[in-house]
Asks: 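Quick one: structure below, then a few questions.
Here is the naming used below: chain letters follow the sequence lines, and residue numbers restart at 1 for every chain.
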Amino acid sequence: MLPWLILLAPLVSAALIALITGRARRLSASISVVAVLVSFICSCIVFAKSEIAGTEIPWIEFQGILRVPIGFVLDSLSRTMLVLVSGVGALIHIYSPGYMRDDPGKSRYFAALSLFMFSMLGIVLANNFVMMFIFWELVGLCSYLLIGHWFERDSAADAANKAFITNRIGDFGFMLGILMVWAATGSVIFDDIIPQTWRITSNPTFLTICVLLIFCGAVGKSAQFPLHVWLPDAMEGPTPISALIHAATMVAAGVYMLVRVGFLVQASPVALGVIAWIGTVTAVMAALIATQQDDIKRILAYSTLSQLGYMIMAVGLASDEAAMFHLFTHAFFKALLFLGAGSVLVALHHEQNIWKMGGQGRNLFLTFVTFGIGMLALIGCPPFAGFFSKDAILSLAYNRNPAIFGVALFTAFLTAFYMMRLFVVVFFGKPRSPAAKTSRESPTSMLVPLAVLALLSLFGGFHFFASHFLTLPHEREAAAFIPGIALVAMLLGAAGAIILYRRRIEDPLSINLLRHKFYFDELYRVLINATQGFLARVSGFIDRWIIDATIVRGSSGATWSFGALLRLMQVGNLQAYAFIFGLGIIWIIYFVLFR
Amino acid sequence: MIAWTIYITFAGAVAVLLLPRTFSRWIAFLATGAGFAISLSLLFCRDLDLAHFTTIVRAPWVPALGMNYHLAVDGISLTLVLVTSITAVSSVLFSWDVTERPNEFFFWLLLVVAGSFGVFLSADLFLLFVFYELVIVPKYFLIAIWGSTNKEYGAMKLTLYSFFGGALVFIGIIAAYVTGGSLDLNQLAQFQFNPQLQRWAFPVLFLGFAILAGIWPLHTWAPTGHVAAPTAGSMLLAGIVMKLGAYGGLRVAMNLFPQGLQMWSKWIAVLAVIGIVYAAAVALRQRDLKFVIGYSSVSHMGFVLLGLATANVLGVSGAVLQMFSHGVIGALLFAVAGRMIYRRTHTRDLDDLSLMELNRALPFAAFVFVIASAASMGIPGFSGFAAEITILIGVWKTYPLAVWITGAGMVLVAAFTLRALKKSFFGDSAANIRLQQGRVALDADWNEYGRITLAEKLGAGLLILATIAIGVYPKLLLDRIQPAVESMRFLKTGG
């Protein structure tokens, strides 16, 4: 029963808020927090006891053809993810009421947040492809609702649409992949597919196509190149959402899914190569863009992209352990960074431009310290969590693919550069706007989650802590100099940023290509307008002018002229009628007598 | 017992005409409500054989020609009777405010409903045809008298299309009767028609029915008809009438002529796939909200036809489930567009609506429309997803390429649905000045119509409940549909 409780508690909360407590905003918040805490506690119990099993119920059942149950998988992978998702989720739920203090749509926010927890836990628990796909789509819906929370802003509504449609494209590939697996093995349940894997692997081309299609799902959800464009725009949503959905959990679902179906992914060398390079390209591209952004949340968003790139790279280099390790540590420090950014934003009345901040180290001391810890973890400074997991991926890349290693190392340098830039510009120097001068530290309910996450970012990477949760990667063959090189890259990047940005009041660099994010949005806009507009215009034209005009009007015209022809015969002249009548009789007599 | 759905609805229609007009909406509500109660109770009735088309009533009608008044039911019929009754109840609720000639209005409405019940339950070919034609006439009056935009044109187009389809159906029925020597659907389903006959009779019959299901390129009646119809009219069109076509194609054409199906199924699949993608693309460019929904109906019905074309148990069961699903979701979308929005704003133009900030003025309507859009986009948890995924899995076995193309259609569906959602309720607030004008236009009618009424809330609630119930637990219907599909002949010969 416990797994059901984990899954359903947030759903009940979402239903309660949507149907009953919509007007009572504080109550809605409390219900949502209680629900996620229930999920978290149950997850901890499930994590501690390994023998718990969930009962499954059939969802769609066609005897002998297709069986889709709602059932749970509770291996070490999903148990770890349960604790991670519900734990980070709980911290962000606790943080949220402070951030959303005066928002009139607070109930809506918490209803969607609870629905998201339900869907995300569903992905983690799913024991079959279709169930995973169901929850996969549901997190997409929640993400849409939450990005568009402030729908009065056009930018938010557009960002929500963009996120949903981009994800749809990825999901479409994912669905085809699932269908291919089902067609080959006759099942969608992971445990039933594993013994049948040979049916897929025996045909390398089939396998490669199948894995790449499934990977499409991850490309969409984990915002990899070329479907990465939605994630930076998703920052239009409230900051806790960015922390939970667009940094710590949902975007990591793609990585989790690839690890979950590792038995297929690992079997195709070609697909692995593609996956590794997609991850690498995403990592370095996002890091490059991040160096030239001015919006604090967008910088963090690009850094998320870049780190997700690392994880996908690790999957592509055939090390699920390294990917999961980085997913694990990244969840802590990236949630921390976003919540820290949220704390800054609340203090500055939602001014997101880092050049209008400055000097916040003194005003927001606790935020400053915790943000600093998060930053050090992200750039891979020992002994913080990110150091260990990033080091694992770098060693892996060094062993498997030197070219990827080179790019990954350069990305590490860039990461240190842009994060130190952000840190220096926001927290040091003089305040550069009136709001920045008078900023005040956030309430305790927001600082506690920061502190907890800071602790986790500090210890999360150590063997004694992480090994409880994960099988840690062992790249023993890797030369001992890898951490050294990584450290040098990191120091170079950080030092460069400090030298370049100390006491600046505006950005000394201006690289248009990076400021415009490699012109991806512009390119896609042109492409979409061209194809979609063309398609719609052509079909509209066909509908109106060809089908309706020629066929329908044509046939109605034909009917009409036939009628007109008949009208000619109705002359209204009695003699004429009598004549025609007579002709008819003669014809009948002829017909009867002479034929 | 299920035959009573027909009798009660007809009785209701007569009563509406005879009794004073103040009672008419209540009579209509009671009659349709009774139908709903009956079909729902039969859904949970254990001792009903839903695997076969089981006779419930049989009386001689014109013995010389072998015509019988013969009704039967199986899982497919029951599902469609259920969706008919659900749509009927909610369309009565959404017509609660009809003040112009209410007697006649509810009379025609009940006739459509009763005729549809009749089609879904007929086991006699001629009886089925009589009920089928019976539905067309009241539709014409509903649209031509109570409709809006371009109503005469829409009504006439719909009627002409229907009669054209009816003529084709009639030819097919005559052919089956003359060669098979019977009008009994169950007997004919056992008869071996020769392949030459099947080669031409199947497409004639199937196409005749499929016109009402909005098969491309004979779908153009659907958008104009939906737009012209009054709210209840479009709900019935989307919810029920389009299902009549698909049901006829399955029950008569496919079931009688399995070899014909085999010969033609890939052409049906081609037309269905074109319809799905094409209608979605057209919807992307429409300015009238009802046109958007009308084309989305065509797109969704494309899934039904695609599922039927697979001729395997997954695809066909999914198609029947999709008929249910689209009936409920389409009705809900039209209810929001026609009743909740149009009656209050007198416009359905998306650009105008986007200036009105309707999400503030009509929060309940916004909530319903968000849910309906999500359901229409195939979000899991709503019936559309369960149906479409079943169909696509079924199609994958027969026509993998069709799934690839359909996928593009699903992206387009998301695109136009989100566009309509944003423009209609969450419009562009940057245009603050124009917004003021929009407000004024809305406020003028505010006194007249006021808030969302209880009837609207109940009607929307019923439809939402239906789509969620089936979305969460599709087995409820699939368990009843699947055995009925499995007993059909084309599965054995047509594979």
Asks: With a 3.5 Å distance limit and no angle check, can you tell me whether B:Thr224 reaches the backbone of B:Trp221 through a side-chain donor-acceptor pair?
Replies: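 Pair found, side chain donor or acceptor close to backbone of B:Trp221.
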Asks: If you tally heavy-atom pairs under 4.5 Å against chain A, which of B:Val403, B:Thr390, B:Val277, B:Thr406 wins?
Replies: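 The residue among B:Val403, B:Thr390, B:Val277, B:Thr406 with the greatest pair count is B:Val403.
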Asks: Check the side chains of B:Tyr278 and B:Ser299 for a donor-acceptor pair under 3.5 angstrom, ignoring hydrogens and angles.
Replies: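 Their side chains do not contain a donor-acceptor pair, so the 3.5 Å distance test is not met.
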Asks: Which bit of A:Phe164 is near chain B, if near means a heavy-atom gap under 4.5 Å: side chain, backbone, both or neither?
Replies: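 Side chain only.
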Asks: To the nearest 0.5 Å, what is the distance between CD1 on A:Ile60 and CG on B:Leu478?
Replies: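 One gets 6.0 Å once the value is rounded to the nearest 0.5 Å.
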Asks: Out of A:Ser13, A:Ser28, A:Ser107, which one pairs with A:Thr21 under the side-chain hydrogen bond (donor to acceptor under 3.5 Å, both in side chains) rule?
Replies: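 Exactly one option meets the side-chain hydrogen bond (donor to acceptor under 3.5 Å, both in side chains) with A:Thr21, and it is A:Ser28.
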Asks: Check this for me: A:Tyr524, atom OH, are more than 12 non-hydrogen atoms of other residues, nucleotides or ligands nearer than 6.0 Å?
Replies: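 Enclosed.
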Asks: Which bit of A:Met175 comes within less than 4.5 Å of chain B, counting heavy atoms only: side chain, backbone, both or neither?
Replies: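 Answer is side chain: those atoms of A:Met175 sit under 4.5 Å from chain B.
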Asks: So which of A:Ile57, A:Leu145, A:Val68, A:Leu141 has the largest heavy-atom pair count under 4.5 angstrom toward chain B?
Replies: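 Between A:Ile57, A:Leu145, A:Val68, A:Leu141, the count favours A:Leu141.
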Asks: With a 4.5 angstrom heavy-atom cut-off, which part of B:Ser317 approaches chain A: side chain, backbone, both or neither?
Replies: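 Answer is side chain: those atoms of B:Ser317 sit under 4.5 Å from chain A.
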Asks: Would you please name every residue forming a salt bridge (Lys or Arg N to Asp or Glu O under 4.0 Å) with A:Asp158, sequence neighbours left out?
Replies: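 Here the qualifying residues are B:Lys422.
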Asks: Go through the atoms of B:Leu284 and report whether side chain, backbone, both or neither lie under 4.5 Å from a heavy atom of chain A.
Replies: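 When you check distances to chain A, only side chain atoms of B:Leu284 fall under 4.5 Å.
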Asks: Would you please go through residues 116-135 of chain A and name the residues with a non-hydrogen atom below 4.5 Å from one of chain B, in numerical order?
Replies: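 So the qualifying residues are A:Phe133, A:Ile134.
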Asks: Measure across A:Met257 and A:Gly217 and return the closest heavy-atom pair with its distance rounded to 0.1 Å.
Replies: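 Heavy atoms of A:Met257 and A:Gly217 come nearest at CE-C, 4.4 Å.
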Asks: Quick one: of A:Pro58, A:Ala18, A:Gly173, who has the most non-hydrogen atom pairs under 4.5 Å with chain B?
Replies: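 Highest number of pairs under 4.5 Å: A:Pro58.
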Asks: Less than 4.0 angstrom from a charged side-chain N to a carboxylate O is my criterion; do A:Arg67 and A:Glu56 meet it?
Replies: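 Result for this pair is yes, salt bridge flagged.
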Asks: Identify which part of B:Tyr295 has an atom lying under 4.5 Å from any heavy atom of chain A, answering side chain, backbone, both or neither.
Replies: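 When you check distances to chain A, only side chain atoms of B:Tyr295 fall under 4.5 Å.
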Asks: Checking heavy atoms, do the side chain of A:Trp182, its backbone, both or neither come under 4.5 Å from chain B?
Replies: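 The answer is the side chain of A:Trp182.
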Asks: Looking at residues at least two apart in the chain, or sitting in another chain, which of them share a side-chain contact (heavy atoms from CB on, under 4.5 Å) with B:Ala408?
Replies: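 Once residues adjacent in sequence are excluded, B:Ala408 has no partner under the side-chain contact (heavy atoms from CB on, under 4.5 Å) criterion.
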Asks: What residue, out of A:Phe62, A:Trp136, A:Tyr144, has the most heavy-atom pairs lying under 4.5 Å from chain B?
Replies: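 Most pairs with chain B among the choices: A:Phe62.
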Asks: Sub-3.5 Å donor-acceptor pair from the side chain of B:Asn312 to the main-chain atoms of B:Gly315, do we have one?
Replies: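 Confirmed, B:Asn312 side chain pairs with B:Gly315 backbone.
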Asks: Which atom pair, heavy atoms only, marks the closest approach of B:Pro380 to A:Leu138?
Replies: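 Closest pair (atom of B:Pro380, atom of A:Leu138, distance): O-CD2, 3.4 Å.
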Asks: Relative to chain A, which segment of B:Met377 carries a heavy atom at a distance below 4.5 Å: side chain, backbone, both, or neither?
Replies: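 It is both, since atoms from each part get that close.
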Asks: Quick one: are the ring centres of B:His226 and B:Phe291 less than 6.0 Å apart?
Replies: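 Centroid distance B:His226-B:Phe291: not below 6.0 Å, so no.
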Asks: Check each atom of A:Ile65 against the heavy atoms of chain B and say whether the ones under 4.5 Å are side chain, backbone, both or neither.
Replies: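 Only the side chain of A:Ile65 comes within 4.5 Å of chain B.
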Asks: B:Trp404, B:Tyr473, B:Phe385: which one forms the most heavy-atom pairs within less than 4.5 Å of chain A?
Replies: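 Most heavy-atom pairs within the cutoff with chain A belong to B:Trp404.
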Asks: Which one, A:Ile165, A:Asp171, A:Ile70, leads in non-hydrogen pairs under 4.5 Å with chain B?
Replies: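 Most pairs with chain B among the choices: A:Ile165.
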Asks: Quick one: what part of B:Leu418 sits under 4.5 Å from any heavy atom of chain A, side chain, backbone, both or neither?
Replies: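 Looking at B:Leu418, backbone and side chain both touch chain A.
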Asks: Does a side-chain N-to-carboxylate-O contact under 4.0 Å join A:Lys162 and A:Asp521?
Replies: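 A:Asp521 and A:Lys162: salt-bridged.
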Asks: Does any backbone or side-chain atom of B:Leu392 lie under 4.5 Å from a heavy atom of chain A? Answer side chain, backbone, both or neither.
Replies: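 For B:Leu392, the contact with chain A is made by backbone and side chain together.
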Asks: Residues two or more places apart in sequence or in another chain: which of them pass side-chain contact (heavy atoms from CB on, under 4.5 Å) with B:Ser373?
Replies: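 With sequence neighbours excluded, B:Ser373 shows a side-chain contact (heavy atoms from CB on, under 4.5 Å) to B:Phe369, B:Thr417, B:Leu421, given in chain and number order.
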